[in-house]
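One structure below.
For ligands, and for the atoms within them, numbers begin at 1 and follow the listed sequence.
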Amino acid sequence: MSHAQLYPVPEHTKANTLVTNEQYLAMYEESVQHPEQFWAKHGQRISWFTPFTQVKDSSFELGTVHVNWFSDGSLNASYNCLDRHLPAKANQVAYYWEGDEPGVQKAVTYQELYDEVCQLANAMRRLGVGKGDRVTIYLPMIPAAVVSLLACARIGAIHSVVFAGFSPDALGSRIQDCDSKLVITSDQAARGSRLTYLKDNTDQALAHLGEANPAKHVIVVKHVGENIDFHQGRDLWYHEILAKEPKHCEPEVMNAEDPLFILYTSGSTGKPKGVLHTTGGYMVWASMTHQYVFDYKQGDIYWCAADIGWVTGHTYIVYGPLANGATSILFEGVPTYPSVKRIAQVVDKYKVNILYTAPTAIRALMAHGTVAVDGADLSSLTLLGSVGEPINPEAWSWYHASYGKGQCPIVDTWWQTETGGILITPLPGATALKPGSATRPFFGVKPAIVTNEGELIEGVAEGNLVILDSWPGQMRTVFGDHERFEQTYFSTYKGMYFTGDGAKRDEDGYYWLTGRVDDVLNISGHRLGTAEIESCLVAHDAIAEAAVVGYPHDIKGQGIYVFVAPRVGVEPSDDLTKAVRDWVRREISPIAAPDIIQWTPSLPKTRSGKIMRRILRKIAANEYEQLGDISTLADPSVVEHLIQNRLNR
Ligand code: ATP
Ligand code: MG
């Protein structure tokens, strides 16, 4: 890994970057040596109603864990995203909305966004929703979704967005968990030509909660236009209530530590947690990371292809870009509809400069060779980004060569719902890249690697990734369960925030994420990360995607069970299976050679596209009857197929 090919910062990137390597090193040094001084300065990047005088007050000691930033300041997040850009940017496009079907589109300016946010905020106030109340948002990727988040922020209501792919049960449990007064949804949603009946799902979710349903009202956006059941007195049409409201609404004055939102984690490892973020520190973190990590300059066209249902959408579609007055793409569809060329077509259509997506999307496109980019121009692109999982070097190189034409740096951004924004990442103009490495910490972030016993390892290291001190964007608590917050993140290693991820640090101080520590394999006493073996498998010509898990093995303690999906046009065979086993043996080591290789058309994933190894582990161990919480699975039928064809019986 440490001998990986080095990609220096391209000259054209260096020539007009916000931060050179020298500047990065100096700023990073100041940020960790003098955090109070550093953040007192950078905290000014957003607009405050009352300036803060206190910068940081935090403790990671079990029993007294607390995180406060800028805590005597007051502000409003929607004011920072809208009001402060007006009137100068009134006619600048905030979002180019691109619908699921090509040709369906709409541009929304900062003024239009402001007007609609104010109207919805007024309408919500009229319904009795106010500061501190919870609102659940269950919407497709349409402008009304952004409006809903900002309208909540404007009146101090705490939004909880539930991804539109979730079932009625998953929606209901999230509405109940945070005691939402109001739900905002749409009639239906269209993604990749498939309809989801969001309003029907909402009706079912609320009916199922019965007496326990806390939601008094449901606001419905008319989007697709098919019929819905309308519950008089409870349901309200979005367009009707907005039409009655003025396009002005005084923003609520919020303390820096007043909650902004709750978001449930994606559930890769177990039951989702209601992660709570507050206003001041989060806004500083969202805007600062968005500007520096994407080297964002006024006029750039920026596209984060995530969904608003995930934290990436919150921070890098809504709050970060809007705080910076950016112009973004808001994409309703999926990368493979109507064909795998869609991303390239959208890039060319809007002359996108910055493209931020996930390894799962990149691998899905890569499985088709170069079809995804054949015939596309793509010359507007200057920067690419990746988030969500470790990006396999093979996928990195393909992304770099195909979309980036070898000219665009890739920022591989490591972070979590809990961290609010990016923590470990290259800066495009400062950091030489190594495919597969998230490289170096962002300003103010103190990562470290510890042994299982919690001993800090200096220099070149491999172990558990922890963060030693607080940063402004950090989550503040698990909603309604501070004890769970302390236990989950601060009880494993004394005085440290434990990420749950494993990492290596190489001789250049670069970090390499090796996968979740729960997934680490122990083969005859050798500890192997899943990321390294999976990357090796994906580098094989026949393989599109791979997931590696351990299973009980009489001799080795754990054996290696591999689930692989072939590339388009590849037929699995015994010879191919043998070739794949030899490939891993040769490329990594005989220790890493798979014991069992199961071919499958697809892998079980969370709805945000992450491989759920937890379920694969059960199947590999032949314990397929106790799969645990599978409510966050994208497609449960994949699991049934894997069980039917399991090889360890
Ligand atoms: P849960 O915590 O409920 O199990 P989750 O961890 O998948 O779900 P998220 O907060 O969406 O929920 O994901 C954060 C995790 O995603 C990280 O802890 C890490 O494992 C992985 N991850 C995100 N970005 C990267 C990256 N650039 N490189 C490697 N891993 C990444
Ligand atoms: Mg997690």
Checklist entry - Looking at Tyr551, is Arg617 sitting on its ring face, NZ or CZ under 6.0 Å from the six-membered ring centre and within 45 degrees of the normal? => result no
Checklist entry - Who's touching ligand 1 if we go heavy atoms under 4.0 Å? => result Thr265, Ser266, Gly267, Ser268, Thr269, Lys273, Gly388, Glu389, Pro390, Asp412, Thr413, Trp414, Trp415, Gln416, Thr417, Glu418, Asp501, Leu513, Arg516, Lys610
Next on the checklist: Other residues, nucleotides and ligands only: do more than 12 of their heavy atoms fall within 6.0 Å of NZ on Lys405?
Outcome noted: yes
Checklist entry - Honestly, is Arg607 close enough over Phe163, meaning NZ or CZ under 6.0 Å from the six-membered ring centre and within 45° of the axis? => result no
Item to check | Arg363/Glu389 under salt bridge (Lys or Arg N to Asp or Glu O under 4.0 Å): CA gap, chis, key distance, verdict | outcome: CA-CA 12 Å; Arg363 289 191 302 259; Glu389 286 182 292; 3.0 Å; yes
Next on the checklist: Run Tyr356 and Trp303 through ring-ring contact (aromatic ring centres under 6.0 Å, His included) and show every step you take.
Outcome noted: CA-CA 6 Å; Tyr356 188 33; Trp303 182 14; over 10 Å; no
Checklist entry - Taking the six-membered ring of Tyr510, is the NZ or CZ of Lys434 close enough (under 6.0 Å from the centre) and on axis enough (within 45°)? => result yes
